[in-house]
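A short worksheet on the structure shown next.
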Amino acid sequence: MRLTTWNVNSVRLRTGHLPALIEATRADVLCLQETKVIDEAFPRDAFAELGYRHQVIAGQKNHNGVAILSRLPIDKHASRVWCEREDCRHASITLENGIEIHDFYVPAGGDIPDPEENPKFAHKLAFLREMAAYFRKRRPRNAPIVLVGDLNVAPLENDVWSHKQLLDVVSHTPIEVALLGDVMKSYGFVDAVRRFVPPEQRLYTWWSYRAQDWAKSDRGRRLDHVWVSPALEGRLREAHVHKAARDWTPPSDHVPVTVEIEG
DNA sequence: ATGGTAGGTATCCTA
């Protein structure tokens, strides 16, 4: 099974990229974030025509929004309110093969890395704490779970272009990195991509729109993640960051990330 | 040190 996560930054502006996305990823399951569209206007047919007939969509007007599009039958899907807000940042499904998939869009957190001063940062920290509490309580502990999405945290030194310069920049602050670590520990999740790309190697999934030449300045961050529970770790076969997608026009500022899981 | 761009919507907010 091949699974791709991608923050599309408007799904309607990226539907033209679907053939390229499918050719590059050969995904059975697509998990999207920042779809930025209400469910009634989601381009369902464009995905269905390409084989993604099983669809779970959770969108709202203007901001946020997540969607899971699958070629494999979906056995059930569930939604949940996070931080007492109906803001379309999560969808989850269980496939007929028993694998449970969680698609998250963690709040970006604004500019000021201080929860007292900045309510958006407080929301981000609360969201991460709630994710950790949710998976800590999950029973049994041996379920095959995949957690993906734009987690808006770059945890490792080589997940950002300058560890030192980003220590007080939202997405790489020690408090966020610690809380993301708590989410990871909550169910024993494994960073599927770093299983294949060693931590000594720089790896990004996002480059700002604000650079004149994103590739030349290469000031990226790894904000998009694929994690698997211990039950799936031994079945990981491949991981890939589709860096070339940053040049698909018009581009999202995030690129797709794909993993292959045996079975 | 600063400001740079993009998207959706409404004339600004979020990223």
Side-chain angles (χ1 to χ4, degrees), chain A residues 5-18 20-21 31-44 46 57-67 82-83 85-90 103-115 117-128 148-155 159-162 164-173 175-177 179-180 204-225 242-257:
Chain A
T5 178
W6 190 22
N7 178 323
V8 287
N9 188 18
S10 170
V11 69
R12 286 175 291 183
L13 280 183
R14 306 310 160 214
T15 47
H17 300 331
L18 273 178
L21 177 72
C31 295
L32 308 181
Q33 305 88 37
E34 280 207 272
T35 52
K36 292 187 170 178
V37 66
I38 55 172
D39 296 352
E40 294 72 31
F42 191 98
R44 288 176 174 272
I57 291 158
Q60 65 182 90
K61 196 176 171 181
N62 205 346
H63 298 302
N64 310 331
V66 292
W82 299 84
C83 297
R85 299 187 197 201
E86 304 275 357
D87 56 1
C88 299
R89 294 179 178 278
H90 172 247
D103 180 12
F104 279 100
Y105 176 49
V106 172
D111 288 329
I112 304 161
D114 178 350
E117 253 187 89
N118 174 9
K120 289 186 213 165
F121 195 66
H123 179 213
K124 181 179 198 174
L125 301 186
F127 197 100
L128 290 167
V148 308
D150 177 2
L151 306 185
N152 263 317
V153 181
D159 290 341
V160 293
W161 62 273
S162 168
K164 275 189 180 174
Q165 285 178 255
L166 276 87
L167 273 173
D168 59 353
V169 173
V170 172
S171 72
H172 193 60
T173 64
I175 178 74
E176 293 168 85
V177 171
L179 287 176
L180 193 74
Y204 314 137
T205 63
W206 172 90
W207 291 262
S208 169
Y209 283 124
R210 295 177 187 173
Q212 282 189 345
D213 183 333
W214 71 271
K216 192 179 170 194
S217 58
D218 199 24
R219 294 187 165 189
R221 305 178 200 171
R222 188 170 72 107
L223 305 177
D224 304 275
H225 299 274
H242 303 276
K243 189 174 176 180
R246 188 59 180 75
D247 276 328
W248 295 345
T249 49
S252 169
D253 44 356
H254 296 253
V255 297
V257 180

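Proteins come first, then strands; the chains are lettered A, B, ... in the order of their sequence lines, and each starts at number 1. The shown structure was predicted, so the numbers you read here are calculated from the model rather than taken from an experiment.
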Is the A:W248 ring parallel, tilted or perpendicular to the A:H17 ring (thresholds 30°, 60°)?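 If you compare the ring of A:W248 with that of A:H17, the planes turn out tilted.
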Can you check the [X] [atom1] to [N] [atom2] distance for me, whole Å?
| X | N | atom1 | atom2 | value |
| --- | --- | --- | --- | --- |
| A:F127 | B:dA15 | CZ | P | 12 Å |
| A:N9 | B:dC13 | CG | C1' | 13 Å |
| A:K36 | B:dA10 | NZ | P | 14 Å |
| A:N152 | B:dA15 | CG | P | 8 Å |
| A:R219 | B:dG4 | CZ | C1' | 11 Å |
| A:D150 | B:dT14 | CG | P | 17 Å |
| A:D87 | B:dA15 | CG | P | 10 Å |
| A:L32 | B:dG7 | CG | P | 16 Å |

Considering heavy-atom distances to DNA chain B, does A:P251 or A:Y105 have its closest nucleotide positioned more toward the 5' end?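 Nearest nucleotide further toward 5': that of A:P251.
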A:L13 or A:H254, whichever maps to the more 5' nucleotide of DNA chain B: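 Closer to the 5' end of DNA chain B: A:L13.
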Search all heavy atoms of [X] against all heavy atoms of [Y] and return the closest pair with its distance.
| X | Y | result |
| --- | --- | --- |
| A:H254 | A:W6 | O-NE1, 2.8 Å |
| A:I57 | A:A67 | CG1-CB, 4.1 Å |
| A:N7 | A:Y105 | ND2-CE1, 3.8 Å |

Any A:K61 side-chain N or O less than 4.0 Å from OP1/OP2 of B:dT9: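 False: A:K61 side-chain N/O out of range (4.0 Å or more) of B:dT9 OP1/OP2.
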Touch class at under 4.0 angstrom, heavy-atom based, for A:R12 against every strand present: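 It contacts sugar-phosphate atoms only.
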Can you tell me, in whole Å, how much space there is between the [atom1] of [N] and that of [M]?
| N | M | atom1 | value |
| --- | --- | --- | --- |
| B:dT9 | B:dG4 | P | 25 Å |
| B:dT2 | B:dA6 | P | 23 Å |
| B:dG3 | B:dA15 | C1' | 15 Å |

Measure from the side-chain heavy atoms of A:Y209 and tell me the nearest of B:dG8, B:dA6, B:dA15.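 Nearest listed nucleotide: B:dA6.
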Check: A:N64 side chain, A:C88 main-chain N or O, donor-acceptor pair, under 3.5 Å: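 Flag not set: sc A:N64 to bb A:C88 has no pair under 3.5 Å.
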